[in-house]
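Quick note: residue numbers are just sequence positions, from 1.
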Amino acid sequence: MSECLFCRIIAGSLPTEFVYEDEHVVAFRDINPAAPVHILVVPRAHIETVADLGGDSTGVMSRLTAAANRIARESDVDADGYRLIVNCGRDGGQTVFHLHMHLLGGRKMPELAA
Ligand code: AMP
Ligand code: ZN
């Protein structure tokens, strides 16, 4: 059994409701939501960070973005807007080392600090 939290969720060994899934991507609600809508969009493949992408794997980000946009429409946050975030590494604030995109919506996001 994988020690990776998100691999365990994807494998079904940690019961988690998927709000979206396809061949390459799953999405589920963040356990500690930072906004009314806070969904994690996750590739099924174990890729540690966005820094590991390049060359043949660049399609991963397209798939995550397409899924996030679709979930945003289904969550009715598309008209008012939303924020997509990928944290990378320790200084980027990444705590789970399986690539994921945060979809945040349902409230006005603060401006990014300078
Ligand atoms: P990051 O800090 O970008 O690595 O984001 C990891 C996110 O995973 C955090 O927002 C956590 O709240 C979230 N998280 C941790 N464990 C779970 C879980 N079992 N189910 C859903 N979300 C989780
Ligand atoms: Zn993993």
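Contact annotation: the side chain of Val41 never approaches that of Tyr20 to less than 4.5 Å [non-hydrogen atoms, C-beta and beyond]. For the pair Val19 and Phe28, the minimum side-chain heavy-atom distance is 4.5 Å or more. Residues Val42 and Leu99 have side chains not in contact (no heavy-atom distance under 4.5 Å, counting atoms from C-beta outward). Val50 places a side-chain heavy atom less than 4.5 Å from the side chain of Met61. Contact of the Val26 side chain with the Ile9 side chain is not registered, since no non-hydrogen atoms from C-beta on lie closer than 4.5 Å. Contact check for Phe6 versus Leu40: side-chain heavy atoms found under the 4.5 Å cut-off.
What you find for Phe18 and Ile10 is that their closest heavy atoms are CZ-CA, 4.2 Å. Pairing each heavy atom of Cys7 with each of His46, the nearest pair is SG-ND1, 3.4 Å. Contact detail for Arg107 and Ala34: the closest heavy-atom pair is NH2-O, 2.8 Å. Residues Leu104 and Ala35 share a closest heavy-atom pair of CD2-CB, 3.9 Å. In this structure, His38 and Asn32 approach most closely via the heavy-atom pair ND1-O, 4.1 Å. Taking all atoms of both residues into account, the shortest heavy-atom contact from Val77 to Gly105 is CG1-C, 4.2 Å.
Applying side chain to side chain contact (heavy atoms under 4.5 Å, CB included) to Met101 and the options Leu84, Ile85, Asn87 leaves one that passes, Leu84.
Separating the CZ atom in Arg70 from the CG atom in Leu103 is a distance of 13.5 Å, to the nearest 0.5 Å. A distance of 9.0 Å separates SG in Cys88 from CG in Leu53, rounded to the nearest 0.5 Å. Distance CD/Glu74 to CD1/Ile39: 10.0 Å, rounded to 0.5 Å.
Using modelled atom types, one side-chain atom of Gln94 and one backbone atom of Glu48 make a donor-acceptor pair closer than 3.5 Å. Remark: the backbone N or O of Ala68 is not paired with any side-chain donor or acceptor of Arg73 at under 3.5 angstrom.
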side-chain contact (heavy atoms from CB on, under 4.5 Å) assessment of His98 paired with Ile47: CA-CA 6 Å; His98 180 132; Ile47 299 163; over 6 Å; no
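For His102 and His100, the gap between ring centers is short of 6.0 Å.
Residues Arg44 and Glu23 are not paired through a salt bridge, judged by the lack of any N-O separation under 4.0 Å between the basic side chain and the carboxylate.
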